[in-house]
Amino acid sequence: MSRRYLGFKGREILEASLLIFIPLIAFLASLFIGRYNIPSYLALRILISKILPIQTTVPREAEIIMIHVRLPRALASILVGSALALSGTTFQGLFRNPLVSAQILGVASGAGFGAALGLLISGDPVVVQGLSFIFGVAAVVMAYGISRTYREASMLTLVLAGIAVGAFFSALTSLLKYVADPYERLPSIVFWLMGSLSAVSFKEISLGFIPIIVPCLILVAARWRLNILSLGEEEAKALGINVEKMRMLIIGCCTLMTSAAVSMAGVVGWVGLVVPHICRMLVGPDHKVLIPASISIGAAYLLIVDCIARTVAPFEMPLGVLTSVIGAPFFFYLLRGRVSGWR
Amino acid sequence: MEVKISDLHFSFTPGREVLRGVSLEVRSGEIFCILGPNGCGKTTLLKSICGILRPERGSIFFDGLEANSISMIERAKIVGYVPQEQYRLVFPYRVLDFVTMGRAPYLSIFSTPSERDYEIAEEALKEVNAYHLKDRSYTELSGGEKQLVSIAKALAQQPKVLLLDEPTSHLDLKNQIMVLRILSKLAEEGLIIIMTTHFPMHALLHSSRIGLMADGRFIAVGTAEEVMTEDFLRKAYDVDIRILSVKNPTGDGYIRICVPVEAIHASRVIRRFGEEAEG
């Protein structure tokens with residue numbers, strides 16, 4: 001094997017190990033950091049006692065906070081962060097536009113409406129999550145269906161249909177807010193729409209796990225095809241790709257992931273927009289590397305932001321607000337720096 | 001290898017045919033040059049051959065194999081297509097990664113390119129003398145370099161037929177000559193090359209055969225001598241054109257060039273030649 005390939009492999013190994021270690025460190029940090037102070041040696045001992053069968057005596061309170069409060073939040077951060085970042089990267093490649101995110105087809109508006117409906121009629125977390133998921137998927141199905149009624153189902157008609165469907169569901173959400181009881185239901189709807197992981201337990205995670213992991217694995221396996229699709233429709237066809245089928249597969253996967261993520265954490269903005277750009281700066285535009293990087297950095301990004309949301313203020317900051325507050329200026333910085341990985 | 005097209009019809013909107021019965025035969029080692037005015041159906045013909053567009057009537061055969069009887073993936077292993085516009089890439093792919101995308105027909109949906117695929121892409125880059133560009137970013141390349149890299153991407157498909165839509169349109173003189181030289185070499189190696197062009201000179205210089213297209217069909221097909229006549233060109237372009245024989249300045253014989261009559265009448269040109277002759 002020539003030196004060239006050794007160099008190639010060397011870089012790949014370095015990148016791969018970084019992409020494993022960054023989220024791992026963020027994961028551990030988010031278990032160790034919080035309002036309730038658990039000394040790190042104690043936290044480590046709790047963690048080890050859960051994995052290996054060792055008997056240790058640790059304060060019951062510390063154990064409950066770590067295992068039943070921080071751990072589900074951290075796991076949810078990983079799922080939601082990687083799902084949003086992955087679908088953002090995928091959509092940017094598919095739509096050949098670095099400014100779209102997975103919300104472009106109306107997922108967030110649909111899921112938001114579903115959650116508001118659930119909060120209004122029942123309030124049971126499972127109902128809220130379920131309705132939110134269903135309406136998130138329904139919004140994209142509607143957008144896709146509308147775009148297909150035109151003779152030429154171009155990507156532009158799909159985006160326009162997505163915007164229209166999104167606006168429709170936003171209006172319905174406003175209507176629900178208007179009729180909701182302003183002392184009990186309305187605050188919970190508003191709070192949900194801001195996005196938060198504070199109420200997440202293992203139950204919510206188990207509900208969202210499958211619709212995130214399965215599409216995620218499919219997209220990782222098919223990631224190189226995104227390069228071809230990003231060349232444009234005719235070029236992909238000339239290379240023998242069934243563009244229509246690939247698009248349906250990709251949009252389906254992204255929709256399931258995003259709906260599941262939104263139904264778990266509420267509307268967490270800007271992750272799907274900012275993380276793909278960070279990743280392109282780190283590993284370049286080739287989707288073969290970019291897709292795994294997005295999963296890893298997306299998880300790390302939300303772990304870190306959620307850590308900040310829990311600790312920085314004397315009260316809990318809404319996660320969706322914070323991702324936007326951090327994400328938007330960072331995005332401007334990227335635009336200014338012209339190291340953005342697209343032009 | 002042989003490409004045979006018979007009686008091809010295509011229309012974007014019903015009732016307005018863009019291709020109105022195109023027939024054609026091209027063999028290995030030939031450069032077939034398609035000339036014709038804008039909108040006469042040159043690009044549509046190329047897109048129909050590679051399968052981007054589906055003709056309504058007529059058939060295309062690759063070595064007797066009907067094009068519709070094979071999958072798009074199989075067809076992409078036979079036909080490589082270099083589009084007219086340079087790729088407007090949104091993402092600045094590395095040149096080698098970009099050329100490797102030509103391996104797509106050989107890779108299943110859930111696989112990524114192997115080392116062998118990268119090697120084939122590198123060989124394709126060497127074939128067009130662009131190996132030194134392999135680590136550059138595609139979006140930073142000049143027009144000529146982009147054209148070479150696009151040809152390399154089509155070659156990475158390991159096709160038997162290479163379709164090029166106006167491969168020299170955006171290029172300066174030096175790059176035009178370079179691209180044409182590479183295409184001649186590829187044809188000598190046994191590839192079928194079908195290209196469109198707006199430069200009658202290129203057709204005269206480099207092609208084995210020329211097809212002159214007008215209004216959705218060939219009005220003349222044959223060697224340069226047969227097709228590039230004042231009558232046929234006038235019929236195709238609806239402009240008065242003269243074929244001039246000029247004494248070969250570098251050796252024996254004459255070379256033929258075509259010039260629109262209006263350019264001859266533009267006195268500025270004549271005077272400049274006159275001045276040069278005196279001085």
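Reminder, nothing fancy here: chain letters follow the sequence lines and each chain counts from 1.
For B:K77, no part lies near chain A; criterion is any non-hydrogen pair under 4.5 Å. Contact of B:L107 with chain A is made through backbone and side chain together, with heavy-atom distances under 4.5 Å. Only the backbone of B:S111 comes within contact range of chain A, with heavy atoms under 4.5 Å apart.
In terms of heavy-atom pairs under 4.5 angstrom with chain B, the leader among A:E234, A:M246, A:K237 is A:E234. Among A:N227, A:I218, A:N242, A:I228, the residue making the largest number of heavy-atom pairs under 4.5 Å with chain B is A:N227. Of the residues considered (B:M101, B:Q157, B:E74, B:M72), B:M101 shows the highest number of contacts with chain A, using heavy-atom pairs under 4.5 Å.
Other residues, nucleotides and ligands place no more than 12 heavy atoms under 6.0 Å from the CZ atom of A:F21. Other residues, nucleotides and ligands contribute more than 12 heavy atoms inside 6.0 Å of the CZ atom of B:F61.
When all heavy atoms of A:Y301 and A:V271 are compared, the closest pair comes out as CE2-CG2, 4.0 Å.
Taking the ring axis of B:F98 as reference, the NZ or CZ atom of B:K153 stays within 45° of it and closer than 6.0 Å to the ring centre.
A distance-only check finds no donor-acceptor pair linking the side chain of B:K47 to the backbone of B:K42 [under 3.5 Å].
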